[in-house]
Number of protein chains: 2
Amino acid sequence: MSESEYLAAYDPRAFPAVAVTVDVVALTIIGGVLHVLLVERGEPPYAGRWALPGGFIRPGEDLDRAAARELAEETGMTQRVHIEQLASYGAPDRDPRMRIVSVSYLAFAPDLPDPQAGSDAADAAWYGIDRLPKLAFDHERILGHALERARAKLEYTPLATAFVGETFTISELRRVYEAVWGLPLHAGNFHRKILSVPGFVESTGETTESGGSRGGPRAKLYRAGDARLLHPALLRPEREEEIR
Amino acid sequence: MSESEYLAAYDPRAFPAVAVTVDVVALTIIGGVLHVLLVERGEPPYAGRWALPGGFIRPGEDLDRAAARELAEETGMTQRVHIEQLASYGAPDRDPRMRIVSVSYLAFAPDLPDPQAGSDAADAAWYGIDRLPKLAFDHERILGHALERARAKLEYTPLATAFVGETFTISELRRVYEAVWGLPLHAGNFHRKILSVPGFVESTGETTESGGSRGGPRAKLYRAGDARLLHPALLRPEREEEIR
DNA sequence: CCTCGTTATTCTCATACTGAGATTATCTCA
DNA sequence: TGAGATAATCTCAGTATGAGAATAACGAGG
């Protein structure tokens, strides 16, 4: 049997059918606090419960595209969104309907369009990371993994610039790190560090139009540089409990 | 309709059927060179081409378990194998038979049982990472991602100890880093660094029975410590080309 | 207008980590 | 027994770090 004959005779039903979904952990910063996009489920299972936005992949649709589509359906965001794949989850009983394997994605957005409830969601909203409701499925676990990934990525990639506007001040960038890591940082050391990493930010030569709302000088404006990796990295303060 | 009624009426065929496979990138070190386990495909598509070991997940089988099973089928290894999930791949045309989403796994093994051809493989063998044949599907891309992950993980986790025996010398550990990173390392600095990371290794108080085959003193023996993260991390030398 | 509190930016300084090289002692092999 | 190899330490200069302080520019309220 030739390879083409083999393929013509091939029966897809011979293999166990599984549904594949994408779930998106979309993060933004509101009022200095990290927020995640959640949707309220309109249908069983877990009707009425909040969950990560997501849905089934479509025939002919790549995983990355499916994630971007799901995110756009809930937020209308299509521009300036960083999106990357995280892990996949496939415990046999994670969805009561059938065998579902879910590929999770992480998305960062600088501004925050008010979310819009998608087709199968009753509602959609940004939730502060420290005021989460109980989530459907195994989405708490997925969210936890996503947060850890986001925090780690800030250390060695210029990802933080995806949270701020086209141009930004060093202090704005610092507030991104503080929000995602959930820690206060030493302003002086942070400033020195950012400027010492080649290619992280480049000066625009401009400054802000005025000082901060509570005073202080005008800050210099920067834009993202061309570095893809930060070297040296910006490491989080000691995490004694995570080491052992 | 109650939730239970809804589930009873639920039709799994309403969603596009996708097959889910796991592909395993199994690495070991032979003669100081990193090797990857490959199988020769016995059936179309890509019959006769070498590929990563893998296969369809079974009903009721978790992803991690499927990966461990596939690895065991090819190598017989079940003990002392570190295995972890990498990325998922779902381009619509990545398999000519049907829509297949593949979840890739990374496995490390300290010793190297001669591989045994599994059910649907014509042959199986360890290939040196710098002498790879052309691979089936998108497996070259998967392997590339796996190598980068492995190299990165050596930096901040004690993963390297999964490549050596129960007890080991600092030099053995260094040869693991050199093989995976593909770089020679400064023996003195490496030694200092390993011993300065809390919990990475702990002394057994023993030494090797004899010196190296080409001379040199007996080396002190260590075993893996209880650290889960290395702090400070062992960073690879500058990678200028990867930064921009 | 003037002062106070706030913020951006830059320094200082002690401590820690790094790469490169050298040193010493111990072993195998010829 | 001597030569070469290797394990384990040490030195030293360069660089990165955290903590704190100094300087200066600004907004707001009297």
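In the text below, chain A, chain B and the rest are named by the order of the sequence lines, each starting its count at 1. Model, not experiment: these values are computed from the prediction.
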Between atom [atom1] in [X] and atom [atom2] in [N], what is the gap in whole Å?
{"X": "A:Leu185", "N": "D:dA19", "atom1": "CG", "atom2": "C1'", "answer": "14 Å"}
{"X": "B:Glu172", "N": "D:dA7", "atom1": "CD", "atom2": "C1'", "answer": "12 Å"}
{"X": "B:Phe190", "N": "D:dT9", "atom1": "CZ", "atom2": "P", "answer": "15 Å"}
{"X": "A:Tyr177", "N": "D:dG18", "atom1": "OH", "atom2": "P", "answer": "13 Å"}
{"X": "B:Leu230", "N": "C:dT18", "atom1": "CG", "atom2": "P", "answer": "12 Å"}
{"X": "A:Phe168", "N": "C:dA8", "atom1": "CZ", "atom2": "C1'", "answer": "16 Å"}
{"X": "A:Leu235", "N": "D:dA16", "atom1": "CG", "atom2": "C1'", "answer": "10 Å"}
{"X": "B:His191", "N": "C:dA22", "atom1": "NE2", "atom2": "C1'", "answer": "16 Å"}

Worksheet item: How about B:Tyr222 and B:Phe168: are their ring centroids closer than 6.0 Å?
Response: no
Item to complete: Kindly say whether the aromatic ring centers of A:Phe200 and A:His231 come within a distance under 6.0 Å.
Response: no
Discussion item. Regarding C:dG19, can its base be found pairing with the side chain of B:Arg192 as donor and acceptor, where the two atoms are less than 3.5 Å apart?
Written reply: yes
Practice prompt. Take A:Ser196 and A:Gly212, find for each the nucleotide of DNA chain D with the closest heavy atom, and name the residue whose nucleotide sits nearer the 5' end.
Written response: A:Ser196
Worksheet item: Mapping B:Ala187 and A:Gly216 to their closest nucleotides on DNA chain D, which lands nearer the 5' end?
Response: B:Ala187
side-chain N/O [X] vs [N] OP1/OP2, d < 4.0 Å:
{"X": "B:Lys220", "N": "C:dT26", "result": "no"}
{"X": "B:Arg214", "N": "C:dT28", "result": "no"}
{"X": "A:His186", "N": "D:dA19", "result": "no"}
{"X": "B:Ser213", "N": "C:dT28", "result": "no"}

In terms of side-chain heavy atoms of [X], which of [options] is nearest?
{"X": "B:Arg218", "options": "D:dG18, C:dC27, D:dA8", "answer": "C:dC27"}
{"X": "A:Pro217", "options": "D:dA25, D:dA19, C:dT10", "answer": "D:dA25"}
{"X": "A:Arg175", "options": "C:dT9, C:dC17, C:dA8", "answer": "C:dA8"}
{"X": "B:Asn189", "options": "D:dG27, C:dC17, C:dA20", "answer": "C:dA20"}
{"X": "A:Ile170", "options": "C:dC17, D:dA8, C:dT9", "answer": "C:dT9"}
{"X": "B:Pro232", "options": "D:dA7, C:dC17, D:dA8", "answer": "C:dC17"}

Worksheet entry | Any donor-acceptor N/O pair, A:Tyr105 side chain to A:Asp64 backbone, under 3.5 Å | yes
Worksheet item: Would you say A:Lys193's side chain and A:Ala233's backbone share a donor-acceptor pair under 3.5 angstrom?
Response: yes
Fill in: With A:Glu178, the side chain to side chain contact (heavy atoms under 4.5 Å, CB included) member among A:Val33, A:Leu185, A:Leu173, A:Leu34
A:Leu185
Worksheet item: For the residue pair B:His139 and B:Phe137, does the interplanar ring angle fall in the parallel (under 30°), tilted (30 to 60°) or perpendicular (over 60°) class?
Response: tilted
Worksheet item: Starting at the 5' end of DNA chain C and moving along, which residue's nearest nucleotide shows up first, B:Glu209 or A:Gly215?
Response: A:Gly215
Fill in: Sugar-phosphate, base or nothing in reach of A:Ser210, heavy atoms under 4.0 Å
sugar-phosphate
